[in-house]
Chemist: 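Just dropping this structure here.
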Amino acid sequence: ATSAQTAADEANANTAITASYVTGLTLTGTDAGSNVTVSISAHTRVYGDATSVSVSSGSVTALAYSTVYYIYYDQPTRAGGAVTYQATTSSATAAQTGDRHTVGSVTTPAAAAPPTDGNGVSPPGVGNIP
């Protein structure tokens with residue numbers, strides 16, 4: 001019975017992360033002189049089980065120009081707060097499973113171009129990919 005309960009809890013947790021999304025988010029790519037910095041605003045992560053947490057702002061630096069990046073963080077506790085954001089060009093790498101929380105995507109600007117805005121993950125955990 002214990003192993004069955006553990007399996008059910010893991011399945012529910014995976015469903016909660018897969019169906020999670022963000023509210024109150026802005027993603028902005030800005031030319032930093034020789035590369036791009038993506039700034040992520042503080043936001044709320046809403047899980048598929050209707051719980052939510054506040055997540056702190058942050059940034060990812062030294063990204064390439066004119067490239068689509070998927071922004072994510074890993075957090076097994078699902079506690080929100082301060083997280084370490086990462087960027088990848090692979091949607092498969094950023095997929096919301098296990099402890100991975102996809103924040104959204106942004107196409108970085110070309111050199112000397114104005115900042116670009118990205119898109120957050122919308123309910124139920126489906127990205128608005130540019």
Side-chain angles (χ1 to χ4, degrees):
T2 301
S3 63
Q5 185 61 52
T6 299
D9 290 345
E10 288 175 8
N12 287 338
N14 197 45
T15 298
I17 186 65
T18 301
S20 73
Y21 60 96
V22 296
T23 62
L25 172 79
T26 56
L27 284 174
T28 305
T30 305
D31 182 354
S34 60
N35 53 43
V36 174
T37 295
V38 171
S39 299
I40 304 103
S41 71
H43 57 277
T44 300
R45 165 73 57 178
V46 180
Y47 290 101
D49 61 5
T51 61
S52 63
V53 296
S54 296
V55 182
S56 300
S57 63
S59 62
V60 181
T61 60
L63 300 177
Y65 292 111
S66 303
T67 303
V68 175
Y69 282 100
Y70 303 93
I71 309 300
Y72 67 93
Y73 62 90
D74 294 327
Q75 188 179 56
T77 63
R78 300 182 184 172
V83 298
T84 301
Y85 292 103
Q86 299 180 61
T88 181
T89 57
S90 167
S91 61
T93 298
Q96 291 194 140
T97 63
D99 300 330
R100 181 133 309 155
H101 296 69
T102 305
V103 177
S105 64
V106 61
T107 301
T108 56
T116 56
D117 292 326
N119 299 298
V121 175
S122 300
V126 177
N128 294 323
I129 307 306

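The residues of the chain are indexed from 1 along the displayed sequence.
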Chemist: Could you list the residues that satisfy side chain to side chain donor-acceptor pair (under 3.5 Å) with Tyr72, not counting sequence neighbours?
Modeler: Gln86
Chemist: Of all the heavy-atom pairs spanning Ala19 and Gly48, show the shortest one and how long it is.
Modeler: CB-CA, 3.9 Å
Chemist: Check the pair Val22, Thr102 against side-chain contact (heavy atoms from CB on, under 4.5 Å), reporting the backbone distance first and the verdict last.
Modeler: CA-CA 9 Å; Val22 296; Thr102 305; over 6 Å; no
Chemist: If you take all heavy atoms of Thr44 and Ser52, which pair is closest and at what distance?
Modeler: CG2-CB, 3.8 Å
Chemist: Could you list the residues that satisfy side chain to side chain donor-acceptor pair (under 3.5 Å) with Thr51, not counting sequence neighbours?
Modeler: Asp49
Chemist: Quick one: CD1 on Ile71 to CG on Leu25, what's the gap to the nearest 0.5 Å?
Modeler: 10.0 Å
Chemist: As a quick check of understanding, evaluate side-chain contact (heavy atoms from CB on, under 4.5 Å) for Tyr69 and Thr89, giving each step before the final call.
Modeler: CA-CA 5 Å; Tyr69 282 100; Thr89 57; 3.7 Å; yes
Chemist: Do any pairs count as a side chain to side chain donor-acceptor pair (under 3.5 Å) and have a residue in residues 23-37, sequence neighbours left out, and if so which ones?
Modeler: Thr26-Ser41, Thr28-Asp117, Asp31-Tyr65
Chemist: Run the side-chain contact (heavy atoms from CB on, under 4.5 Å) check on Tyr21 and Ser122 step by step: do they pass?
Modeler: CA-CA 5 Å; Tyr21 60 96; Ser122 300; 5.5 Å; no
Chemist: For Thr116 versus Thr107, what's the shortest heavy-atom pair and its separation?
Modeler: OG1-O, 2.6 Å
Chemist: Quick one: pull up OG in Ser59 and CD1 in Ile40 and give me the separation to the nearest 0.5 Å.
Modeler: 6.0 Å
Chemist: Specify the closest pair of heavy atoms between Ile17 and Gln96, including all atoms of both residues, with the distance to one decimal.
Modeler: O-NE2, 3.2 Å
Chemist: Quick one: does Thr108's side chain have a donor or acceptor within less than 3.5 Å of a partner on Gly29's backbone?
Modeler: no
Chemist: Using the ring pair (Phe, Tyr, Trp, His ring centres under 6.0 Å) rule, collect all pairs that involve residues 78-99, keeping only residues at least two apart or in two chains.
Modeler: Tyr73-Tyr85
Chemist: So, for Pro114 and Pro109, which heavy atoms are closest and what is the spacing to 0.1 Å?
Modeler: O-CB, 3.3 Å
Chemist: So which atom in Arg78 and which in Gly98 form the shortest heavy-atom distance, rounded to 0.1 Å?
Modeler: NH2-O, 3.0 Å
Chemist: Is there any ring pair (Phe, Tyr, Trp, His ring centres under 6.0 Å) pair reaching into residues 37-56, and which pairs are they, with sequence neighbours excluded?
Modeler: Tyr47-His101
Chemist: Tell me every residue that passes salt bridge (charged side-chain N to carboxylate O under 4.0 Å, His left out) with Asp74, counting only those two or more places apart in sequence or in another chain.
Modeler: Arg100
Chemist: Quick one, Val121 and Ser20 - any side-chain contact, counting heavy atoms below 4.5 Å?
Modeler: no
